[in-house]
**Q** 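Before I ask anything, let me first share the structure, which is written out below as structure tokens.
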Amino acid sequence: MENISNSKCFGGWLKRYKHRSDVLNCEMNFSIFLPPQVNDGGKVPVLYWLSGLTCTDENFMQKASAQRVAAELGMALVVCDTSPRGDDVADDDGYDMGKGAGFYLNATQEPWAKHFHMYDYVVNELPALIAENFPITDKCSIAGHSMGGHGALTLGLSNSDRYLSISAFSPIVNPSHCPWGKKAFENYLGKNREMWKRFDATELVASATSHTPIMIDQGLDDEFLAEQLKPQNFLAAAKAVGYAVEYAEHEGYDHGFYFLSTFMEKHLRWHYKHLTA
């Protein structure tokens with residue numbers, strides 16, 4: 001693991017690293033914010049953040065206004081890249097496939113299967129690396145935005161024994177029934193729609209046996225709301241099985257980081273409550 005950069009921030013440290021991923025068969029970067037509580041040898045809980053299409057591990061740390069509150073609470077933030085990277089990694093001409101668009105699943109189809117195993121990376125390999133090298137407790141939660149919101153919901157629902165809480169901004173909740181998801185799933189997973197259900201939050205919540213707390217915030221001026229995000233599909237499936245979801249809509253807010261930064265403190269404090277309950 002190679003340390004790329006260090007920046008002191010609100011008494012803590014924002015650090016960026018490069019490492020070889022055996023799961024993804026490539027070099028990967030991740031960013032971690034360590035709050036000042038670790039400076040004296042303390043251990044802190046961790047929130048894993050999954051970003052959206054076209055992002056890297058840096059966008060959230062630079063734009064989401066999260067470090068101040070995380071420093072106050074005593075919470076580590078870990079942000080991974082959104083896909084495998086490198087010259088030999090398969091790519092697509094569109095922004096919604098390939099590099100920057102890993103969709104947090106395990107690809108089974110060529111040419112994607114060699115590298116695109118973001119599900120295993122986020123759930124297993126990266127947390128093991130973090131636990132080995134940084135002063136964190138075994139308490140963790142997961143959150144994300146857009147494609148990353150899809151990832152947070154699907155990984156959280158599929159691993160209810162691992163994450164204490166799940167939150168999302170503007171998530172793609174029913175990818176089997178939206179253009180972004182259909183394109184990604186058909187290419188990464190093939191035409192068998194039964195396979196798609198494993199990575200579709202609306203399908204997963206409908207069969208959930210453990211009700212990990214979920215919170216979703218959605219801007220009503222989001223240009224992707226009707227065609228790509230479809231939150232009502234997820235809410236209806238959750239309601240049908242008695243899964244309570246904290247869902248809030250916000251007039252005037254779009255899909256971008258101004259929306260995230262406005263409500264980021266709400267999400268961090270909500271997660272911290274569950275991480276320290």
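Just so it is clear, the model here is predicted, and its values are computed rather than measured.
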**Q** Would the distance check show the side chain of Glu27 and the main-chain N or O of Lys18 forming a donor-acceptor pair, the cut-off being under 3.5 Å?
**A** no

**Q** Please lay out, stage by stage, how Leu47 and Tyr272 fare under the test side chain to side chain contact (heavy atoms under 4.5 Å, CB included).
**A** CA-CA 9 Å; Leu47 177 67; Tyr272 189 74; over 6 Å; no

**Q** Check whether any side-chain heavy atom of Tyr48 lies under 4.5 Å from a side-chain heavy atom of Ile130, and answer yes or no.
**A**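 SC-SC contact between Tyr48 and Ile130 confirmed.
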
**Q** Using a cut-off of 6.0 Å, state whether more than 12 heavy atoms not belonging to Lys183 lie near its atom NZ.
**A**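 Correct, the count exceeds 12.
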
**Q** List the steps, then state whether side chain to side chain contact (heavy atoms under 4.5 Å, CB included) holds for Asn174 with Asp200.
**A** CA-CA 6 Å; Asn174 199 187; Asp200 188 310; 3.0 Å; yes

**Q** Is a side-chain donor-acceptor pair under 3.5 Å present for Ser261 with Ser65?
**A** no

**Q** More than 12 non-hydrogen atoms from neighbouring residues, nucleotides or ligands closer than 6.0 Å to OH on Tyr95, yes or no?
**A**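 Yes, enclosed.
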
**Q** Surrounding CD of Glu110 (heavy atoms of other residues, nucleotides or ligands, distance under 6.0 Å), is the total greater than 12?
**A** yes

**Q** Determine whether the side chains of Ser51 and Asn59 contain a donor N or O and an acceptor N or O closer than 3.5 Å.
**A** no

**Q** I'd like to check Pro231 versus Leu225 (side-chain heavy atoms, cut-off strictly below 4.5 Å). Are they in contact?
**A** yes

**Q** Looking at side-chain heavy atoms only, is the closest gap between Phe234 and Leu204 below 4.5 Å?
**A**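 The answer is no, as the side chains (C-beta and beyond) never meet within the 4.5 Å cut-off.
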
**Q** What is the distance from atom CG of Asp138 to atom NZ of Lys43, rounded to the nearest 0.5 Å?
**A** 9.0 Å

**Q** Give a yes or no on whether the ring-centroid distance for Phe263 and Phe169 is below 6.0 angstrom.
**A**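 Centroid separation for Phe263 and Phe169: 6.0 Å or greater.
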
**Q** Is the number of heavy atoms from other residues, nucleotides or ligands under 6.0 Å of Lys99 NZ greater than 12?
**A** yes

**Q** Considering all heavy atoms of both residues, which atom of Lys230 and which atom of His177 are nearest to each other, and what is their separation?
**A** CE-O, 2.9 Å

**Q** Only one of His145, His267, Met61 forms a side chain to side chain contact (heavy atoms under 4.5 Å, CB included) with Trp49, so which one is it?
**A** His145

**Q** Judged by atom type as modelled, is there a donor-acceptor pair below 3.5 Å linking the side chain of Tyr243 to the main-chain atoms of Thr212?
**A**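 Yes; judged by distance alone, with no hydrogens or angles, the pair exists.
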
**Q** Would you say Lys239 has more than 12 foreign heavy atoms packed within less than 6.0 Å of its NZ?
**A** no

**Q** Would the Phe30 and Tyr121 ring centres measure less than 6.0 Å apart?
**A** no

**Q** Supply the atom-to-atom distance His250 NE2 to Leu220 CG, rounded to the nearest 0.5 angstrom.
**A**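 Answer for the NE2-CG pair, His250 versus Leu220, is 8.5 Å.
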
**Q** Could you grab the distance from atom CG of Leu155 to atom CG of Leu105, nearest 0.5 Å is fine?
**A**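 Leu155 CG to Leu105 CG: 9.5 Å, rounded to 0.5 Å.
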
**Q** Look at the side chain of Asp120 and the backbone N and O of Val23, then say whether any donor-acceptor pair between them is shorter than 3.5 Å.
**A** no

**Q** Decide side chain to side chain contact (heavy atoms under 4.5 Å, CB included) for Gln232 and Tyr247; before the verdict, give the C-alpha distance in whole Å, the side-chain angles of both, and the deciding distance to 0.1 Å.
**A** CA-CA 10 Å; Gln232 299 308 322; Tyr247 175 75; 4.0 Å; yes

**Q** Once rounded to the nearest 0.5 Å, what's the spacing between atom CD of Gln109 and atom CG of Asn187?
**A** 9.0 Å

**Q** With side-chain hydrogen bond (donor to acceptor under 3.5 Å, both in side chains) as the test, would you mind laying out the steps for Ser21 and Glu125 before giving the verdict?
**A** CA-CA 8 Å; Ser21 168; Glu125 187 177 37; 2.6 Å; yes

**Q** Got Met28 and His19 here, is their nearest side-chain heavy-atom distance under 4.5 Å?
**A**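 Yes - at least one pair of side-chain heavy atoms lies under 4.5 Å apart.
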
**Q** If you count every heavy atom of other residues, nucleotides or ligands that lies below 6.0 Å from Lys114 atom NZ, does the total exceed 12?
**A** no

**Q** Looking at Met215, is its backbone amide N or carbonyl O close enough to the side chain of Ser167 to form a donor-acceptor pair, meaning the two atoms are under 3.5 Å apart?
**A** no

**Q** Are Phe134 and Val46 grouped together when hydrophobic residues (ILVMFWY) are joined by side-chain heavy atoms under 4.5 angstrom apart?
**A**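 Linked, Phe134 and Val46 end up in one cluster.
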
**Q** Can you confirm whether the side chains of Asn29 and Asp57 place a donor and an acceptor under 3.5 Å from each other?
**A** no

**Q** Salt bridge check, Glu203 against Arg193: does any charged N sit closer than 4.0 Å to a carboxylate O?
**A**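 Salt bridge between Arg193 and Glu203, a charged N being under 4.0 Å from a carboxylate O: no.
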
**Q** Name the residue from Phe116, Trp196, Tyr104 that meets the ring-ring contact (aromatic ring centres under 6.0 Å, His included) definition with Tyr188.
**A** Phe116

**Q** Look at the aromatic rings of Phe103 and Phe185 and report parallel, tilted or perpendicular, splitting at 30° and 60°.
**A**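 Phe103 vs Phe185 ring planes: perpendicular.
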
**Q** Is a side-chain N or O of Glu246 found less than 3.5 angstrom from the main chain of Ile214, in a donor-acceptor match?
**A** no

**Q** Below 4.5 Å, heavy atoms only, C-beta onward: do Cys178 and Glu227 meet side chain to side chain?
**A** no

**Q** Is the shortest side-chain N to carboxylate O distance from Lys191 to Glu186 below 4.0 Å?
**A**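 Between Glu186 and Lys191 there is a salt bridge, with a charged N closer than 4.0 Å to a carboxylate O.
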
**Q** Tell me yes or no: between the side chains of Asn159 and Tyr119, is some donor less than 3.5 Å from an acceptor?
**A** yes

**Q** Hey, what's the ring geometry for Phe224 with His255, parallel, tilted or perpendicular (30° and 60° as the breaks)?
**A** perpendicular

**Q** Is the shortest side-chain heavy-atom distance between Pro35 and Met75 below 4.5 Å?
**A**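 The answer is no, as the side chains (C-beta and beyond) never meet within the 4.5 Å cut-off.
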
**Q** Using the side chain to side chain contact (heavy atoms under 4.5 Å, CB included) rule, take Leu129 and Tyr17 through it: C-alpha gap first, then chi angles, then the decisive distance, then the call.
**A** CA-CA 11 Å; Leu129 187 69; Tyr17 291 87; over 6 Å; no

